[in-house]
Amino acid sequence: FVPKHWMKHIVVSGNVTVGALQDILGEIFHEDHEDEVEFVQVVALVPPTSRGVIKKMRRWLGKPENSHFVSRVFMFQGALLKPQDLVRVAANQATAILIVPDVMAPGVEEEDTQTLMQVAAVRRAVPNVRILALLQQSVHRSVAISLGIDGSDCICTDELKLQALGKSCEVVGFSTLLSNLLQSAGSTKAKPEEPRWLSLFDAGVGNEVYVVPLSDGYLLRTFEKVATDVLNRTNASAYLIGLVEQKSTEQDGLSVRVTLNPGSEYVIKGRQPKGIFIAPDRKCIIQRAGRRGRLGEHAVELEEVESDDDVKKEASALMIQKVKIGRQIAAAERATLAPTPPPKKLIEKGGHIILALLAQPNARVTNPSVGLRHFVSPLRRGRTPRPIVVISPAIPLDWPDVAEAAEVYFWDYAPPLRRGDLERVGLQRAHTVVLVQLPGGSDQEFADADTIFSTKLIETVAPGVKVISDLLDPANVQFIPISPIAAAIGVAAPPKGGNHRGARFAQGMAFSSVKTTHTLLVNTWFRPSVSTLASALSLASIASVPVPPEWEGCTYAELYQHFLQNDSSILIGLTRQMSDTLQDPASTTAGMRRGFTIAKTLMSTLTLDDATAPAEREKARDVPESFVITAPRGTETVLEPGDVALVISGVQAPMQLQMRPRALRA
């Protein structure tokens with residue numbers, strides 16, 4: 001590969017698969033990034049053992065929808081561990097090198113080890129190139145940092161996945177909200193024959209998170225004043241939700257701090273502050289002109305100033321091995337923290353969360369490490385922490401990380417997951433069941449089979465229990481049947497325009513962690529603070545606040561301003577019942593009543609176990625079918641009955657709306 005002097009190029013390598021390359025290329029050359037990648041080329045270096053990858057990729061690149069970037073993608077076979085292959089792809093002139101593992105590979109430890117060895121080889125050969133790596137397990141992040149990678153450039157699958165799934169148990173639709181903000185979506189618009197809820201969902205899918213330098217005209221102004229000014233200048237299409245600030249300390253030198261909702265009265269100051277915005281694209285973010293003209297009316301993103309890291313040093317395979325041995329020794333020393341089964345009182349009372357770790361019959365599941373602390377942490381930050389029951393074929397290796405947490409229990413089972421296993425941990429009275437596929441299966445084609453079958457089993461046995469499924473391949477959502485309520489109110493599964501438009505993804509009942517991590521890796525290359533922001537969102541205090549009837553007819557922008565001014569909170573989206581959006585807005589009330597009538601009639605005809613308590617039957621009847629609207633255009637989105645506001649809480653988290661909209665308008 002011979003780079004052109006007027007072009008930049010990035011290298012994508014590792015044990016990269018066809019699916020990973022399609023996700024990465026689709027995100028890099030998405031229309032939302034066309035200004036940033038106008039002079040960018042991508043060089044893919046695939047392993048010599050993956051002979052079919054190049055052939056399949058050439059066929060995919062030949063499709064008409066990829067014609068705008070096919071001439072800027074170059075395919076090579078080789079390995080980053082070989083110096084001659086680094087020369088072939090001009091690694092010394094690359095803007096960045098992305099190292100991606102095979103998430104479907106049987107050995108997670110082996111994949112991370114290979115990734116880290118490739119990082120070491122590249123750093124030794126090309127000391128100054130920026131490296132972004134995707135790891136399966138967050139315990140290996142410290143090794144990656146010691147090899148010379150900035151912490152924000154190391155994406156860990158288990159951290160992103162389990163934090164998002166854990167938060168979704170507390171905040172309905174959070175996984176969908178996070179996915180929409182972290183990846184670019186097409187400009188698909190609902191067709192006339194499709195339900196109206198789909199057009200509302202599409203309006204929010206196109207929004208992303210942008211980290212943009214703030215105009216110096218905002219210095220020494222409060223966060224509320226700046227957010228309101230941006231809202232007015234953009235006609236309520238861009239929302240300021242946080243800050244990225246550089247702080248200077250004597251001990252650590254220059255450091256970067258990411259803060260979501262610093263508070264309405266927070267005064268913006270410091271060196272080169274940046275704003276975290278939700279907007280359809282970067283051009284929509286309009287700011288006040290700076291006093292020195294540093295920024296015009298349209299924001300321009302500057303290169304991120306990375307913090308100095310004193311822990312960067314050379315490492316080898318021996319260090320990686322020592323980390324593994326150290327983890328095993330630590331687990332053995334804390335063997336006294338053995339897991340306890342859920343008590344009988346808990347199962348009878350209910351309201352708990354079940355985390356079901358699924359395994360293929362031929363998978364190696366002896367003491368898997370799954371990152372349990374990432375699942376537990378968001379749930380322990382809520383107002384009313386719920387008990388958690390982990391059900392797995394084997395005790396996770398990282399169980400000591402959560403053993404001392406309050407009300408975290410364990411139950412083992414022999415795969416595949418059966419009805420009796422779920423009933424032993426109180427399925428009928430559970431609040432939420434989260435299904436996660438354990439790594440290590442050898443059959444990639446049917447990797448999601450256990451998740452699909454378990455979802456269907458749970459929804460048949462306990463239709464009133466919320467189920468959240470993590471799918472390795474988002475296309476497999478079509479094999480999970482939609483619920484009777486969703487079918488009755490006109491929900492297609494999945495509609496044309498992408499799997500993300502399927503009902504389960506829109507409702508937050510399905511999550512594709514693999515695709516999300518691939519797109520997050522790319523967006524971290526564009527905006528280095530985004531990876532830190534993803535974790536900050538999962539750990540933030542996000543409240544679901546029902547919108548009272550008095551607010552019907554008000555705009556989303558008015559609600560955003562109300563939360564900002566009165567509760568020091570930031571509105572980031574809505575959840576809306578699908579039954580409310582069957583008909584034209586002029587007949588919203590009639591549509592809502594019709595939808596609830598259909599829903600209650602269907603739920604009353606569902607056959608539940610005779611032993612199910614009457615309260616559980618009533619619970620099953622009242623489960624709403626809602627979808628997520630991610631930060632829609634404020635002046636065009638009108639609040640409807642049954643809406644629930646998703647807000648990043650301030651010092652005093654809002655529990656309910658008390659001010660009437662008339663007072664707000666006055």
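Excluded from the calculations below are hydrogen atoms, water molecules and symmetry mates; all remaining heavy atoms, backbone and side chain alike, are included.
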Undergrad: Dump the intermediate steps for side-chain contact (heavy atoms from CB on, under 4.5 Å) on Ile97 and Ile10, then the final yes or no.
TA: CA-CA 6 Å; Ile97 296 179; Ile10 64 174; over 6 Å; no
Undergrad: Would you say Asn523 and Gln183 are linked by a side-chain donor-acceptor pair, where the criterion is simply a distance under 3.5 Å?
TA: no
Undergrad: Residues two or more places apart in sequence or in another chain: which of them pass side chain to side chain contact (heavy atoms under 4.5 Å, CB included) with Asp23?
TA: Lys515, His518
Undergrad: Considering residues at least two apart in sequence or located in another chain, which fulfil the side chain to side chain contact (heavy atoms under 4.5 Å, CB included) criterion with Val87?
TA: none
Undergrad: Using a 3.5 Å cut-off and no angle test, enumerate the donor-acceptor pairs between side-chain atoms of residues 235-242 and protein atoms at least two apart in sequence or in another chain.
TA:
| unit_1 | atom_1 | unit_2 | atom_2 | d |
| --- | --- | --- | --- | --- |
| Ser237 | OG | Thr234 | O | 2.7 |
| Tyr239 | OH | Ala236 | O | 3.1 |
| Tyr239 | OH | Pro632 | O | 2.6 |
| Tyr239 | OH | Gly634 | N | 3.0 |

Undergrad: Side chain to side chain donor-acceptor pair (under 3.5 Å) with Thr455: which residues, sequence neighbours excluded?
TA: Ser469
Undergrad: Applying salt bridge (charged side-chain N to carboxylate O under 4.0 Å, His left out) as the test, list every pair that has at least one member in residues 88-99; sequence neighbours left out.
TA: Asp85-Arg88
Undergrad: Among residues at least two apart in sequence or on other chains, which ones pass side chain to side chain donor-acceptor pair (under 3.5 Å) with Asn128?
TA: none
Undergrad: List for me each residue that meets salt bridge (Lys or Arg N to Asp or Glu O under 4.0 Å) alongside Arg72, sequence neighbours excluded, and say none if there are none.
TA: none
Undergrad: Got a sec, which residues hit side chain to side chain donor-acceptor pair (under 3.5 Å) with Gln136, two or more places apart in sequence or on another chain?
TA: none
Undergrad: Please list, chain by chain and in numerical order, all residues satisfying side chain to side chain contact (heavy atoms under 4.5 Å, CB included) with Val89, sequence neighbours excluded.
TA: Val11, Val43, Leu45, Phe76, Ala91
Undergrad: Just jot down the side chain to side chain contact (heavy atoms under 4.5 Å, CB included) partners of Ala203, sequence neighbours excluded, or say none.
TA: none
Undergrad: With sequence neighbours excluded, what pairs up with Glu34 under the salt bridge (Lys or Arg N to Asp or Glu O under 4.0 Å) test?
TA: none
Undergrad: Output all residues satisfying side chain to side chain donor-acceptor pair (under 3.5 Å) with Gln41, sequence neighbours left out; order by chain, then residue number.
TA: none
